[in-house]
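Have a look at the structure below, then the notes.
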Amino acid sequence: MKNKYVKQAYAEVSNRNKGETQFLNAVKEVFESLEPVYDAHPELAKKKYLERIAEPQRVIEFKVEWKDDNGDIQVNRGYRVQQNNAIGPFKGGLRFNQSVNLSILKSLAFEQTFKNALTGCPMGGGKGGSDFDPHGKSPAEIERFCHAFMKQLYPYIGSKKDVPAGDLGVGGTEIGYLIDEYLKHRKDIGTLTGKPLDKGGLKGRTEATGYGLCYFTEEMLNDHGKSFKGAKVLISGSGNVSTYACAKATELGATVIGMSDRNGYIVDEAGIDYKKLIKAKEGRASIENYLKYSDTAKYAENPTDLFKVKADIVLPCATQNEIDLDTAKTLVTNGVYAVAEGANLPTKLDAIAYLQENKVLFGPAKASNAGGVGCSYFEMCQNAEDSKWTFNKTDKKLHEMMVGIYHNVKDAAERYGDKENLVMGANIFGFETVTKKMK
């Protein structure tokens, strides 16, 4: 960092959050990209926006006690990080995964603040979850945990205060359990988004993040004389985001040749069929089951080796930090010309820098995967209106939003001298939007 104020602000945040590596990496990436703003407007330093925006407004931590199928009591830890509500209620997903800790959730809530600002919708940033891992748990155990989790969380959320949604390990089924428990305590159907359709959910919300990722990527490609048509695509993961990114990329003319899960990955040069993938993954089964539905697919262990397969476009949609510097070098060697993030923070900072230095088009998560939270806001609107949106209405507004995000981000980067740096553009546009409302 070269700017004196930005450097001082980061030092202060680092000192206050010692040992929280994931959070500090997220802060560093944003702060560094905002240096051109502070070089051009040194008077902003007096407002101390960086220190204020990095500090969560509130962090809630609680114990979750629940019973497994043997009747034994289990104990997990739950969190909700309410980062910033300058432009609207706190908004962000709930993540159930054994890797969850406060540093990860703070990093995601910090990122969410900027992502939500990019959508143009009045939503602040937040994130939450638990170190509970749903893998290997029975449906009954997952339901009991969700009820126990919400009993602890419900006093702190509401449609005008904090609106959680799903994330890693939390899909429509889990959101259904959570809203059932919430409604026992408060009658506010708009408090959670990503709900099942029969509980106030939005048609098109399930597909939104994956579809939105492809809408953003296609606009980025078109702006550089390229498109999905005829391209070979790798998509890490095989959950909700990955599956519908596969569906939309295929619809736009690409061939998705590789996908993965925590166990391994599949390669099918003939193209992966997302409908067959959904069948293969039922009950959280291994992606290896896809071989039952395809004569041309091959399976291998070590999911990170997926990125060694030659392709044109890569959409990392699994989890954070899956693309490191060595992986980025492999992608460049293999001729990949575009990477757009479907997961939150899947690419390490040095890997992003390397991709950009080698002229790989790069769509940062806070912009490229904002479709899910954007459609969450549409669900909030639907619930407030007590109406039912059609799938086509949702999809049309999603497409318009993602195209708008791309151009806003590109224009912000161009205003500060680097129109190809969408990471910088996303951070600057989000920062400008949030700080206009901060007092």
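Only a predicted model underlies this, so the values are computations on that prediction, with no experimental measurement involved.
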If we count only N and O atoms by modelled type, under 3.5 Å, do the side chains of [X] and [Y] hold a donor and an acceptor together?
X      : Y      : value
Asn76  : Ser130 : no
Ser33  : Asn427 : yes
Glu219 : His407 : yes
Thr390 : Asn392 : no
Asn25  : Lys348 : no
Asp324 : Thr327 : yes
Glu341 : Ser368 : no
Tyr215 : Lys248 : yes
Gln83  : Thr113 : no

Point to revise | Note, Tyr290 side chain near Lys276 side chain (heavy atom, < 4.5 Å) | key: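 In short, these two side chains touch, coming nearer than 4.5 Å.
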
Check your understanding: Would the Phe114 and Phe429 ring centres measure less than 6.0 Å apart?
Key ->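 Aromatic pair excluded; centres sit 6.0 Å or further apart.
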
Practice item. Please check if atom NZ in Lys388 has more than 12 non-hydrogen atoms from other residues, nucleotides or ligands closer than 6.0 Å. Key: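 Counting neighbours around NZ of Lys388, more than 12 heavy atoms of other residues, nucleotides or ligands fall under 6.0 Å, so yes.
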
Check your understanding: Can the positive tip of Lys137 be found less than 6.0 Å from the middle of the six-membered ring of Phe96, inside 45° of the ring normal?
Key -> no

Exercise for review: Hey, could you give me the CD/CZ distance between Gln82 and Phe90, rounded to the nearest 0.5 Å?
Suggested key: 4.5 Å

